[in-house]
Visitor: 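Following this message is one structure expressed as structure tokens.
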Protein chains: 2
Amino acid sequence: MALDPRRLLLLRDVARAGSISAAARELGWTQPAVSQHLARLERDVGGPLLLRGPAGVAPTEAGEALLRRADVVAAELHAAGEELAALHSLRGGRVRLVAFPSAAATLVPDAVGALAADHPGVEVGLQEGEPPEALAAVSAGDADLALAFGYDGPPAGLGALAWRPLLEEPVHLVLPPGRRGPGRRGLAALADADWIGGCVRCRTHLVERCAAAGFEPAVRHSSDDYVVVQNLVARGLGVTVLPASALAAYRHPDVAVVDLPALGRRHVGLVHRPGADAVPATAALVARLVARASADA
Amino acid sequence: MALDPRRLLLLRDVARAGSISAAARELGWTQPAVSQHLARLERDVGGPLLLRGPAGVAPTEAGEALLRRADVVAAELHAAGEELAALHSLRGGRVRLVAFPSAAATLVPDAVGALAADHPGVEVGLQEGEPPEALAAVSAGDADLALAFGYDGPPAGLGALAWRPLLEEPVHLVLPPGRRGPGRRGLAALADADWIGGCVRCRTHLVERCAAAGFEPAVRHSSDDYVVVQNLVARGLGVTVLPASALAAYRHPDVAVVDLPALGRRHVGLVHRPGADAVPATAALVARLVARASADA
DNA sequence: GGTCGGCATAAGTTGTGCCTATGGCCCTCG
DNA sequence: CGAGGGCCATAGGCACAACTTATGCCGACC
């Protein structure tokens, strides 16, 4: 039978106290309790570890060997406690966030800045990524937290991951300078327009919405960079849709922006593995992202 | 509450196995048993250590910190087991023997030699000492085993120490060359002789015996070296008493030796702290000393 | 959509771990 | 030299902890 580490530590307490009775007093136990544990330990080991004398105990050679090991174990346990306390009090720790670009440009810097100001010991790893990759990274354990979005609801492919909504934002129609809005006909009025697509998910959403309006958009150009997209629109190469936050992060002076409820709303939120929001560093960043998002609203 | 080292090792098993269920299978436990221990550990720590996913578990940052510590603890426990096994199988270990001079000259070399031949890894520390100091050394933990003697019984001052008889031997009268034996009057015939004393305890014993015979011996000279004593006797400076083993170790060719039952018998045996005879290295030396002593008888 | 593998929870049973009580031993002090 | 106080071990009893079985939920995969 393998030796019980708790009894190993008890042996250490007894050796330090000098007698079984003294150790029992220090531990707040009774003498027989300690005595029985030692007897059991010696039975497991197969030989005596302490020699009992009238004035206390003295370790045998085997006892001294175990005591050296016990010191290491005790030190390790103590260090583990310190380490955990540091993580718990945010004197240390790490959180790896992967965010989609427009959020990375707006929400994230403020939240990370606030976290760094309060807890300089916490290390924040930041990476850009669109929702599918972001979710995969969290799932695989390569990231702790993802800032992701879905249209008209949480992003698809959540799987076992947890979804925490942060905010909803409208999706706007973005038109070249001079081009008139669709008017009462809504999206259908743009059936013949040239379209500029965004990221993969955004394009999918655009196609769905256009299908609901009765046409398939002709996507002439594509970029997942909302600055590039607006520049293309400003040059008259097509029309596009952009969520409010992308336009808040950057707005080309020449484009026209039209509110069009038929485009739906984009749901922005946090994704993490279940339970990960109880990890101190992650929780701290979550709290600051939530605060920042509700300040926007 | 301090974290339980057994649960720490369990965390390690789970992390290595990759899932709670797998760890339970490896341990021969059921899945809820492992699950409950982990839940308890996380409760003690105050946060999650493993994130549960559909395919198993992954450690959090705190979990990884604990796992590093757990590896050290596990290694230490394993090393402790190895160390104990080495002591148990006499591949290592140490025994410190303190013996009185005439035994050191006869019994001890044979026994130590036999032990060294069988178990070269065992280190034997040897020191000479008369019974009072020898017992004190064992009592204080400076020696593991004492070869000691007493007249007509175990040595005095054993206290809490254990006594293991090895052999009994007669005490002989040692006379200068040409001096006749005491005849039927026994010891009383030597009331007027000059006496040569041995070690402190031997002298005390001599005085007691003479008192029983009705006189107080005139001790002219003293030495605790049985060679010196015999040389003094051979030069005609007095008479003395010596136990058989001292005469077996060295016998001056000129002295006369007379068997005199009134001098009593010397009891030779081993002294150790209670339980010390269960320590492998000590037990091995004890066994060889016992074997050597009974071979003499 | 059914099956499988993962985990958590609830409830029951067994065993461990602690307690109190007692006795033996050695040492010390009156 | 006997009484008292220190040490320890053992026995018996009780309570909680630990492990069990039984069940349910969820996600992944065929």
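Here is how names work: the chains are called A, B, and so on, in the same order as the sequence lines, proteins then strands, and each is numbered from 1. Values below: all heavy atoms of this structure, side chains included; hydrogens, waters and symmetry mates excluded.
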Visitor: Please encode protein proximity along nucleotides 17-30 of chain D as a string of B, S and -, counting only heavy-atom distances under 4.0 Å.
Guide: -SBBBB----SS--

Visitor: Identify the two heavy atoms, one from A:Asp44 and one from A:Arg7, that lie closest to each other, and give their separation to 0.1 Å.
Guide: OD2-NH1, 4.1 Å

Visitor: Students often get this wrong, so: under 4.0 angstrom with heavy atoms, is B:Arg273 touching a base, only sugar-phosphate, or nothing?
Guide: nothing

Visitor: Using a 6.0 Å cut-off, check whether atom CD of A:Gln127 has over 12 heavy atoms from anything other than its own residue.
Guide: no

Visitor: Are B:Ser21 and C:dC7 close enough that a side-chain N or O sits under 4.0 Å from OP1 or OP2?
Guide: yes

Visitor: Within the structure, does a side-chain N or O atom of B:Ser35 lie under 4.0 Å from either OP1 or OP2 of C:dC7?
Guide: no

Visitor: What's the CD-C1' distance between A:Glu42 and D:dT10, to the nearest Å?
Guide: 15 Å

Visitor: Ignoring backbone atoms, establish whether A:Arg52 has a side-chain N or O less than 4.0 Å from OP1 or OP2 of D:dC7.
Guide: no

Visitor: CG/A:Asp144 to CD/B:Glu61 distance, rounded to the nearest 0.5 angstrom?
Guide: 7.5 Å

Visitor: Taking all atoms of both residues into account, what is the closest heavy-atom pair of B:Ala143 and B:Arg273, and its distance?
Guide: O-NH2, 4.1 Å

Visitor: Atom CG of B:Leu38 and atom P of C:dC7: how far apart are they, to the nearest Å?
Guide: 9 Å

Visitor: Which residue in the set B:Leu27, B:Leu9, B:Ile20 passes side chain to side chain contact (heavy atoms under 4.5 Å, CB included) when paired with B:Val14?
Guide: B:Ile20

Visitor: Rounded to whole Å, please give me the gap between CD1 in A:Ile20 and C1' in D:dC8.
Guide: 6 Å

Visitor: Write down the atom of B:Leu289, the atom of B:Val108, and the distance for their closest heavy-atom approach.
Guide: CD2-CA, 4.4 Å

